[in-house]
S.K.: 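After the structure tokens below, expect a handful of questions from me.
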Amino acid sequence: MNDHPIRILIADDHPVVRAGLRAVLETEPGFTIVAEAATAERAVELAAAGGTDVVLMDLQFGGGMNGSQATAAITARPGAPRVLIVTTYDTDADTLPAIEAGATGYLLKDAPPEELAAAVRTAAAGRTTLAPAVADRLMNRLRAPHSSLTRRETEVLTLVAEGLSNQRVSERLHLTQATVKSHLAHIYAKLGVDSRTAAVAAALGLGIIRR
């Protein structure tokens, strides 16, 4: 049995959230909070410096790098700590990039303290913990792949929902307008709709994109 404590880095741009996570985890035996980061960039720096076993990572920071990008940067290094996403967002647009980036687990901020502690221990051991809502969504994607949007389709639809034209979407994602139109055609077919407005409404209703 390994007796050294699980060393935790908390990355969240809200001081109150960091303090709350610290308060919960410091009461757990075998945990030590080694650092806090208010930006994703700082989390990457601290994780790269070593001495951390598990990073608790929010997805949205005030500006700059987001949590999924930070997760990818952290997990790309050899001997990297495990990354456990702790966030309020559970749409496909949030969960899929984070999991693809290498997150070991994904919890929602309303998880009870004992669930958070268990997820940290599980992550430290290299195993996965998923919030029930996230696990259900992933299972549904596996059961009905024909109706699931790809990550790129989700990115396109997220920008359409923000009111961007095809031209603006193509510029933002570095795609041709023809490719954007092709993605939209696939989105319409998968969601059973025939317009941008209907596609956005359907995706919001299904929890694919965030309001």
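Numbers here are sequence positions counted from 1.
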S.K.: Between Ala11 and Ala43, which heavy-atom pair has the shortest distance, and what is it?
M.R.: CB-CB, 3.7 Å

S.K.: Verify, without hydrogens or angle tests, whether Lys109 (side chain) and Thr88 (backbone) share a donor-acceptor contact under 3.5 angstrom.
M.R.: no

S.K.: With a 4.5 Å limit on heavy-atom distance, are the side chains of Arg7 and Val54 in contact?
M.R.: no

S.K.: With side-chain contact (heavy atoms from CB on, under 4.5 Å) as the criterion, how do Val169 and His183 come out once you've worked through the C-alpha distance, each side chain's angles and the decisive distance to 0.1 Å?
M.R.: CA-CA 11 Å; Val169 172; His183 282 313; over 6 Å; no

S.K.: With the 4.5 Å side-chain cut-off for hydrophobic clustering, are Tyr89 and Leu204 part of the same group?
M.R.: no

S.K.: Please name all residues satisfying side chain to side chain donor-acceptor pair (under 3.5 Å) with Thr176, sequence neighbours left out, ordered by chain then number.
M.R.: Thr179

S.K.: Given salt bridge (Lys or Arg N to Asp or Glu O under 4.0 Å), test Arg172 with Glu155 step by step and report yes or no.
M.R.: CA-CA 10 Å; Arg172 184 80 68 87; Glu155 289 173 340; over 6 Å; no

S.K.: Would a 4.5 Å heavy-atom cut-off, applied to side chains only, mark Leu173 and Arg152 as touching?
M.R.: yes

S.K.: Which distance, rounded to the nearest 0.5 Å, do you find between the CD1 of Ile33 and the CZ of Arg18?
M.R.: 12.5 Å

S.K.: Side chains of Leu116 and Leu21: does their closest heavy-atom pair fall under 4.5 Å?
M.R.: yes

S.K.: Using the rule given for side-chain contact (heavy atoms from CB on, under 4.5 Å), can you reason through Thr32 versus Leu25, listing the C-alpha separation, both sets of side-chain angles and the distance that settles it, and then say yes or no?
M.R.: CA-CA 8 Å; Thr32 180; Leu25 295 172; over 6 Å; no

S.K.: Using side-chain heavy atoms (C-beta onward) and a distance below 4.5 Å, is Leu206 in contact with Leu191?
M.R.: yes

S.K.: Between Glu28 and Arg121, is the closest basic N to carboxylate O distance under 4.0 Å?
M.R.: yes

S.K.: Could you check whether any side-chain N or O of Asp13 sits under 3.5 Å from a backbone N or O of Ala38, counting only pairs where one atom can act as donor and the other as acceptor?
M.R.: no

S.K.: Would you find a donor on one side and an acceptor on the other, under 3.5 Å apart, between the side chain of Glu153 and the backbone of Thr150?
M.R.: yes

S.K.: From Glu26 CD over to Phe31 CZ, what is the distance, rounded to the nearest 0.5 angstrom?
M.R.: 12.0 Å

S.K.: Does the side chain of Thr87 come under 3.5 Å of the side chain of Asp58 through a donor N or O and an acceptor N or O?
M.R.: yes

S.K.: Would you give the length of the straight line joining atom NE2 of His186 to atom CG of Leu157, rounded to the nearest 0.5 angstrom?
M.R.: 14.5 Å

S.K.: Only one of Thr91, Asp94, Asp90 clears side-chain hydrogen bond (donor to acceptor under 3.5 Å, both in side chains) with Arg210; which?
M.R.: Asp94

S.K.: Evaluate Val34 against Ile8 for side-chain contact (heavy atoms from CB on, under 4.5 Å), listing each step before the verdict.
M.R.: CA-CA 6 Å; Val34 294; Ile8 300 166; 5.8 Å; no

S.K.: Could you pull out all residues at least two apart from Ala101 that satisfy side chain to side chain contact (heavy atoms under 4.5 Å, CB included)?
M.R.: Thr71, Ala72

S.K.: Counting N and O atoms only, with roles assigned by atom type, does the side chain of Thr154 sit under 3.5 Å from a partner on the main chain of Ala93, one being a donor and the other an acceptor?
M.R.: no

S.K.: Hey, does the side chain of Thr122 reach the backbone of Ala118 with a donor-acceptor pair shorter than 3.5 angstrom?
M.R.: yes

S.K.: Does atom CZ of Arg151 have more than 12 heavy-atom neighbours, drawn from other residues, nucleotides or ligands, at distances under 6.0 Å?
M.R.: yes

S.K.: Using 0.5 Å steps for rounding, measure from the OG1 atom of Thr128 to the CG atom of Leu84.
M.R.: 10.0 Å

S.K.: Can you check whether Leu46 reaches Glu36 side chain to side chain, under 4.5 Å on heavy atoms?
M.R.: no

S.K.: How long is the gap from CE on Met57 to OG1 on Thr75, to the nearest 0.5 Å?
M.R.: 9.5 Å

S.K.: Is a side-chain N or O of Glu41 found less than 3.5 angstrom from the main chain of Met65, in a donor-acceptor match?
M.R.: yes

S.K.: Do Thr104 and Arg127 pass the side-chain contact (heavy atoms from CB on, under 4.5 Å) test, and can you show the C-alpha distance, the side-chain angles, and the key distance before you say yes or no?
M.R.: CA-CA 7 Å; Thr104 298; Arg127 299 193 307 274; 6.0 Å; no

S.K.: Could you measure the distance from the CG atom of Leu107 to the CD atom of Glu115? Nearest 0.5 Å is fine.
M.R.: 6.0 Å

S.K.: When you measure from the side chain of Gln69 to the backbone of Asn66, do you find a donor-acceptor pair of N or O atoms at a distance under 3.5 Å?
M.R.: yes

